[in-house]
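For reference, the structure is listed below as structure tokens.
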Protein chains: 2
Amino acid sequence: MGNVGEKKNKIRKVEGQPSKNLMAERRRRKRLNDRLSMLRSIVPKISKMDRTSILGDAIDYMKELLEKIHTLREDDNVKDEIKDIKFVGNFKELKPNEALVKKPPKFEVERRNEDTRIEICCSAKPGLLLSTVSTLEALGLDVQQCVISCFSDFSLQASCSEAREHRTILSGEDVKQTLFKTAGFGGRCL
Amino acid sequence: MGNVGEKKNKIRKVEGQPSKNLMAERRRRKRLNDRLSMLRSIVPKISKMDRTSILGDAIDYMKELLEKIHTLREDDNVKDEIKDIKFVGNFKELKPNEALVKKPPKFEVERRNEDTRIEICCSAKPGLLLSTVSTLEALGLDVQQCVISCFSDFSLQASCSEAREHRTILSGEDVKQTLFKTAGFGGRCL
DNA sequence: CAAAACACGTGACAC
DNA sequence: TGTGTCACGTGTTTT
């Protein structure tokens, strides 16, 4: 519209606005980051801490869940699976590029003072949960919070506290290697 | 740290850098926005077009999917158990007011053929998690999903699947009692 | 004009 | 050494 000679009609409130807009923007950023870490906390598979990766992993996880639901629905209806068995495998697989790609096992241990964060994501094996928990116990780590998911891979995220005077004895790297070996992997973790 | 002479060691490349960093930042922003609209596209329920709302809706949707999976598992099993239903639910209620008791340990096991839901909430004890997981393993229950919280009390919610041919061997009540004893409680669980 | 959401360029930091 | 990511404050647009 016809602004009167003042091209500063957008800049004229430079003194009054900023503090308000600034705080609003800060709150907005905080909300968004909170939601982001919230999303990260419920997605078992986290390849990286990138915002982009978090979203990507969340998307993958959702697809995975949808796939799971479909298979569950199918299994539900396939009471007559017997006859299908002989036909199976002919042209059923042949997924181009999906979850087939084997991801390298992920073992991460982050130690901060008395708090230890553990993140494991690897192929599922029988007894893996038990041996992992047992190892944690043996290392003097009390599980404070833990989320486990075994839909496709074995995924464990835990935050532990030091049980006794173990804090100076072992490093995060020690914990990591011990868990790695416990999980049945031979060599050294990357 | 206290660099003395050259405080410009960070500003010296003001002329050379910006265009590159600028482009990188643009690409990053684009990638993030792409992922965001991707997420928005696969989430059916979209309350608003806000970035924050999109993430929130995505989170809700994921929880919804997880819940769906549980109910699907149950429904699948319910089909085979319709005939058994007539025997249950006779004396199930009778919980008028129990808030007076400080900490009634809670042990609940709900078994439907291949799916078993376990819920434990009791006072924390050292080694309780390990013994519980160990017991589950011994009972032939594979933990599919699990959330553990040990802040004040010990709280465990898990959904398991039958590992092998244990399904007919033990009942939900058996599992419950076994877990109860494992947790260090003497008598019989109510 | 206001309140909220977004896009932008920049400095800082990590690998 | 640089390349990528994040937080920040600000300008611009939308409600």
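Quick note on labels: first sequence line is chain A, next is B, and so on, each numbered from 1.
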**Request:** Measure the distance from NZ on A/Lys48 to P on D/dG4 and round it to the nearest whole Å.
**Result:** 11 Å

**Request:** Examine D/dG9: is either OP1 or OP2 under 4.0 Å from a nitrogen or oxygen in the side chain of A/Arg26? Give yes or no.
**Result:** yes

**Item:** A/Arg31 vs C/dA4: side-chain N/O to OP1/OP2 distance below 4.0 Å
**Value:** no

**Side-chain touch A/Arg51/B/Arg28, heavy atoms, less than 4.5 angstrom** = yes

**Request:** May I ask you to check whether over 12 heavy atoms, not counting those of A/Lys125, lie within 6.0 Å of atom NZ?
**Result:** yes

**Request:** Give a yes/no on whether any side-chain N or O of A/Lys20 is located under 4.0 angstrom from OP1 or OP2 of C/dA2.
**Result:** no

**Message:** Rounded to whole Å, how long is the line connecting atom NZ of A/Lys30 with atom P of D/dG9?
**Reply:** 15 Å

**Length of the CE-P vector between A/Met49 and D/dA7, whole Å** = 11 Å

**Prompt:** Please give, in whole Å, the distance from C/dC1 P to A/Asn21 CG?
**Reply:** 16 Å

**Fill in**
Per atom distances to the B/Arg29 side chain, the nearest of D/dC8, C/dG9, C/dA5 is C/dG9

**Request:** Would you mind reading off the distance between A/Arg35 atom CZ and C/dA5 atom C1', rounded to a whole angstrom?
**Result:** 14 Å

**Item:** Under 4.0 angstrom between A/Asn33 side-chain N/O and D/dA7 OP1 or OP2
**Value:** yes

**Message:** Taking donor-acceptor contacts at under 3.5 Å, does the side chain of B/Glu25 reach the base of C/dC8?
**Reply:** no

**Message:** In whole Å, I'd like the distance from the CG atom of A/Leu22 to the P atom of C/dA3.
**Reply:** 15 Å

**Message:** At less than 4.0 Å, is any side-chain N or O atom of A/Arg51 found next to OP1 or OP2 of D/dA7? Yes or no.
**Reply:** yes

**Prompt:** Do A/Arg40 and A/Met49 have side chains that get closer than 4.5 Å, going by heavy atoms?
**Reply:** yes

**Message:** Using every non-hydrogen atom in the two residues, find where B/Leu130 and A/Ser134 come nearest and quote the distance to one decimal.
**Reply:** CD1-CA, 3.5 Å

**Prompt:** Between B/Lys176 and B/Glu108, is there a salt bridge with N-O shorter than 4.0 Å?
**Reply:** no

**Prompt:** Could you state the CZ-C1' distance from A/Arg28 to D/dT14, rounded to the nearest angstrom?
**Reply:** 13 Å

**Request:** Report the nucleotide, chosen from D/dA7, D/dC6, C/dA5, that has the shortest atom-to-atom distance to any side-chain atom of A/Asp50.
**Result:** D/dC6

